[in-house]
Amino acid sequence: MNSLSPGRNLILIGMMGSGKSAVGLLLAERLGRPFADTDAMVEAQAGRSVAAIFADEGERGFRILESEAIRRVSVLRGQVVSVGGGAVEDGRNVTHLRATGDLVLLTASAAVLAARTLEGASSRAEGSTDPEQRPLLEAAGDDVGARAQVLAELWERRRPAYEAAAATSVDTGGRSANEVRDAVLAWAANVPGLLTPAEMKAQP
Ligand code: S3P
C-alpha cells in the first residue's frame with residue numbers, strides 16, 4: 001500500500017444488538033472514513049424498511065437485496081462497514097467482504113443482546129429502527145426472555161459462520177461503545193493494510 005491509497009475496509013459483523021451500528025459510527029468518526037450500513041443501503045435501494053421488505057418479499061427477498069448491497073460496498077476500500085446479523089450465513093457475502101476488508105465479530109450474551117434490542121430510544125437515536133429493521137424478533141414482542149431465546153438459537157446456528165469469517169472478535173458485554181471502538185482500533189493498528197499511516201497517526 002502506498003501512503004495515499006485507502007486502507008482495507010473495517011467490517012463489523014455480529015448478532016442483532018451487538019453494537020455494530022453504534023460502534024461503526026464511532027469508528028468512522030475517529031478514522032474520518034465513510035460509514036456504510038448494509039441495512040440502510042438495502043432500505044435506500046428498495047425505498048422501504050427492512051420489515052416492509054420481509055413482509056412483501058419474505059426473508060429470501062431481503063437476502064437477495066442484502067447480497068447486492070454487500071457486492072456494491074465491497075468494490076470500494078477505505079470504509080467502515082456494518083452488515084446485518086444474518087449476512088454471514090451466505091458464504092458468497094463473506095468472500096466479497098473479505099476481498100477488500102477485514103471482519104471483526106462483536107459478541108455479547110443472548111440476554112445482553114435481547115436487552116439492547118429493546119433499548120428503543122437510545123438505539124433509535126443511533127440509526128436503528130427496531131422493530132422496522134428486526135422482523136426476526138417481532139414474534140417475541142417486548143418479552144426480553146423470548147427475545148433472548150430467539151437470539152440464542154440464531155447464534156448457535158450462525159456461530160460457525162461468524163467464527164470462520166472473522167479475523168478477530170471483541171466481547172462487547174459490559175463495555176461502552178467507546179471502549180469497544182478503542183479495542184477494535186488497537187487490534188486494527190496491527191493488521192497490515194487495514195489502516196493508512198495517516199489513520200494510525202490519528203490514534204490517541
Ligand atoms: C437480521 C439483522 C438485522 C437486519 C434484518 C435481519 C438478522 O440487522 O439485517 O432484520 O438476520 O440477524 P442488524 O443485525 O443490524 O440488527
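This structure is a prediction, so every number in the text was calculated from the model and none was measured. One-based numbering, in listed order, for ligands and for the atoms of each.
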Report task. Between Leu136 and ligand 1, find which residue part has any heavy-atom pair under 4.0 Å and reply side chain, backbone, both or neither. Result -> side chain
Requested in this report: Would you mind listing which atoms of ligand 1 come within a distance below 4.0 Å of any non-hydrogen atom of Pro135?
Outcome: 10 (O)
Query raised in the report: Per the side chain to side chain contact (heavy atoms under 4.5 Å, CB included) rule, which among Thr38, Ile11, Asp102 passes with Leu97?
Result: Ile11
Query raised in the report: Looking at Phe62, which atoms of ligand 1 are within less than 4.0 Å of one of its heavy atoms?
Result: 9 (O)
Query raised in the report: Should the pair Glu199-Arg33 be classified as a salt bridge under the 4.0 Å nitrogen-to-oxygen rule?
Result: yes
Query raised in the report: Counting each atom of ligand 1 from 1 as listed, which ones have a heavy atom of Gln133 under 4.0 Å away?
Result: 3 (C), 4 (C), 5 (C), 10 (O)
Query raised in the report: For Arg98, which residues count as a salt bridge (charged side-chain N to carboxylate O under 4.0 Å, His left out) partner, sequence neighbours excluded?
Result: none
Query raised in the report: Which of the atoms of ligand 1 are close to Gly84, meaning less than 4.0 Å from one of its heavy atoms?
Result: 8 (O), 9 (O), 14 (O)
**Report entry** Sub-3.5 Å N/O-N/O distance, Arg63 and ligand 1
**Finding:** yes
Requested in this report: From the options Asp39, Leu137, Ile53, select the one whose nearest heavy atom is closest to atom 13 (P) of ligand 1.
Outcome: Asp39
Report task. Quick one: look at Lys20 and ligand 1, take heavy-atom pairs under 4.0 Å, and tell me if it's side chain, backbone, both or neither. Result -> side chain
Report all side-chain donor-acceptor pairs from residues 79-91 shorter than 3.5 Å, counting only partners two or more places apart or in another chain.
residue: Gln79; atom: NE2; partner: Asn9; partner atom: OD1; Å: 3.4
residue: Gln79; atom: NE2; partner: Val73; partner atom: O; Å: 2.9
residue: Gln79; atom: NE2; partner: Leu76; partner atom: O; Å: 3.2
residue: Glu89; atom: OE1; partner: Arg157; partner atom: NH2; Å: 2.9
residue: Glu89; atom: OE1; partner: Arg158; partner atom: NE; Å: 3.3
residue: Glu89; atom: OE2; partner: Arg157; partner atom: NE; Å: 2.9
residue: Glu89; atom: OE2; partner: Arg157; partner atom: NH2; Å: 3.4
residue: Asp90; atom: OD1; partner: Arg92; partner atom: N; Å: 2.9
residue: Asp90; atom: OD1; partner: Arg92; partner atom: NE; Å: 3.1
residue: Asp90; atom: OD2; partner: Arg92; partner atom: NH2; Å: 3.0

**Report entry** Ionic contact status for Arg63 with Glu66, cut-off 4.0 Å
**Finding:** yes
Report task. Output the distance between atom OG (Ser169) and atom CH2 (Trp187), rounded to the nearest 0.5 Å. Result -> 10.5 Å
**Report entry** Close N or O approach (Gly17, ligand 1; < 3.5 Å)
**Finding:** no
